[in-house]
Amino acid sequence: YVRGNAGHLVLPPAANDEAAAQALVNQLAGQDVQRVVVAVQPSESWDGSEIASRALARVYRLVGETPTGDWRVQIYDRPPAVLSPAGIAFANGLQLEGAAVPGKRLSPGDVMPVYLQWRGEDVSLSGNEKITVQLLDAGNRVVAQLDRPFGQADLEAEPAAYALSLPRALPGDPIA
């Protein structure tokens, strides 16, 4: 649950209105909204073709999804406009050209997006590649980790988005 100020809106704002949904998402982006959390409930009479998800995906990246009964809670994050140069070459010819971890305050149980820009040819991939992203604490202990296959979609993304699910209790947090 959200604590503090959070805007509330309905997406699409009218039944099955794709143009209004895209206009609303563009307005959010224009107001520099960085994260959108959507409770998606299937409803043929309101958003039968996932208009909300498609409109958001044009500007934001889906970085987390949690099923809750018949609903899905989706977290969309806006990729940074500029990534820090990385310039890392891998043995198979792939290049990690840029990286960014948005500098916002995260809470226990939150999702931390990591953006990586890859370059290379898919022929360099054997099909056995994997991406591992880790969050380390001050003592270099793993706090959160993501492991998933690495493939063509990672090379085509502008940039590729990876999401670390933070544990509900972080080191240094008081135990409730």
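Just so you know, these numbers use all the heavy atoms, side chains as well, and skip hydrogens, waters and symmetry mates.
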Check your understanding: What closest approach, in Å, do Asp32 and Gln34 show between heavy atoms, and which atom pair accounts for it?
Key -> OD1-NE2, 2.8 Å
Exercise for review: Give a yes or no on whether Ile88 and Val114 share a hydrophobic cluster (residues Ile, Leu, Val, Met, Phe, Trp, Tyr; joining criterion: side-chain heavy atoms under 4.5 Å apart).
Suggested key: yes
Practice item. Answer whether the closest heavy-atom distance between the side chains of Thr132 and Leu146 falls below 4.5 Å. Key: no
**Study point:** Check ion pair Arg72-Glu50 (N to O, under 4.0 angstrom)
**Key:** yes
Check your understanding: Any side-chain heavy atom of Pro167 sitting closer than 4.5 Å to one from Val143?
Key -> yes
Study note, to complete from the structure: When rounded to the nearest 0.5 Å, the distance separating OG of Ser53 from CD of Glu65 is 7.5 Å
Check your understanding: Between Val73 and Val37, is a side-chain contact (heavy atoms from CB on, under 4.5 Å) present by the stated rule, with each step listed?
Key -> CA-CA 7 Å; Val73 176; Val37 179; 3.8 Å; yes
Check your understanding: Hey, what's the ring geometry for Trp118 with Phe150, parallel, tilted or perpendicular (30° and 60° as the breaks)?
Key -> perpendicular
Revision key, fill the gap. Members sharing Leu62's hydrophobic cluster, built from side-chain contacts under 4.5 Å between Ile, Leu, Val, Met, Phe, Trp and Tyr, are Leu9, Leu11, Leu24, Val25, Leu28, Val33, Val36, Val38, Val40, Leu56, Val59, Tyr60, Tyr76
Review point. What's the shortest heavy-atom distance between Pro12 and Trp46, and which atoms?
Key: O-NE1, 2.9 Å
Point to revise | For Pro159 against Pro79, the heavy-atom pair lying closest together | key: CD-CB, 4.4 Å
Check your understanding: Under 6.0 Å from the CG atom of Asp70, do we count more than 12 heavy atoms belonging to anything else shown?
Key -> no
**Study point:** Residues Asp110 and Arg168 bridged, charged N to O under 4.0 Å
**Key:** no
Exercise for review: Please report the shortest heavy-atom distance between Val133 and Leu164, naming the atom on each side.
Suggested key: O-CD2, 3.3 Å
Check your understanding: With the threshold set at 4.0 Å, does a side-chain nitrogen-carboxylate oxygen contact exist between Arg35 and Asp77?
Key -> yes
Exercise for review: Give the C-alpha distance, both sets of side-chain angles, the deciding distance and a yes or no for side-chain contact (heavy atoms from CB on, under 4.5 Å) between Asn16 and Ile51.
Suggested key: CA-CA 7 Å; Asn16 296 307; Ile51 291 168; 4.2 Å; yes
Review point. Can we say Asp154 and Arg148 salt-bridge, meaning some charged N sits less than 4.0 Å from an Asp/Glu carboxylate O?
Key: yes
Revision key, fill the gap. d(Gln95 CD, Gln117 CD) to nearest 0.5 Å is 12.0 Å
**Study point:** Val101 versus Pro113, closest heavy-atom pair with distance
**Key:** CG1-O, 3.9 Å
Exercise for review: Report the C-alpha distance between Glu121 and Leu94 in whole Å, list the side-chain angles of each, state the deciding distance to 0.1 Å, and finish with yes or no for side-chain contact (heavy atoms from CB on, under 4.5 Å).
Suggested key: CA-CA 7 Å; Glu121 300 295 325; Leu94 294 179; over 6 Å; no
**Study point:** Intermediate values then yes/no, side-chain contact (heavy atoms from CB on, under 4.5 Å), Met112 and Leu135
**Key:** CA-CA 9 Å; Met112 183 179 88; Leu135 174 65; 4.1 Å; yes
Check your understanding: Side chain of Glu129, backbone of Gly127: donor and acceptor closer than 3.5 Å?
Key -> yes
Check your understanding: In Å and rounded to the nearest 0.5 Å, what is the CZ to CD distance from Arg61 to Glu158?
Key -> 8.0 Å
Exercise for review: Measure the CD-OG distance between Glu18 and Ser49 for me, rounded to the nearest 0.5 Å.
Suggested key: 6.0 Å
**Study point:** Cationic N near anionic O, under 4.0 Å, Arg119 to Glu156
**Key:** no
Point to revise | Under the side-chain contact (heavy atoms from CB on, under 4.5 Å) test, residues paired with Ala19 that sit two or more places apart | key: Asp17
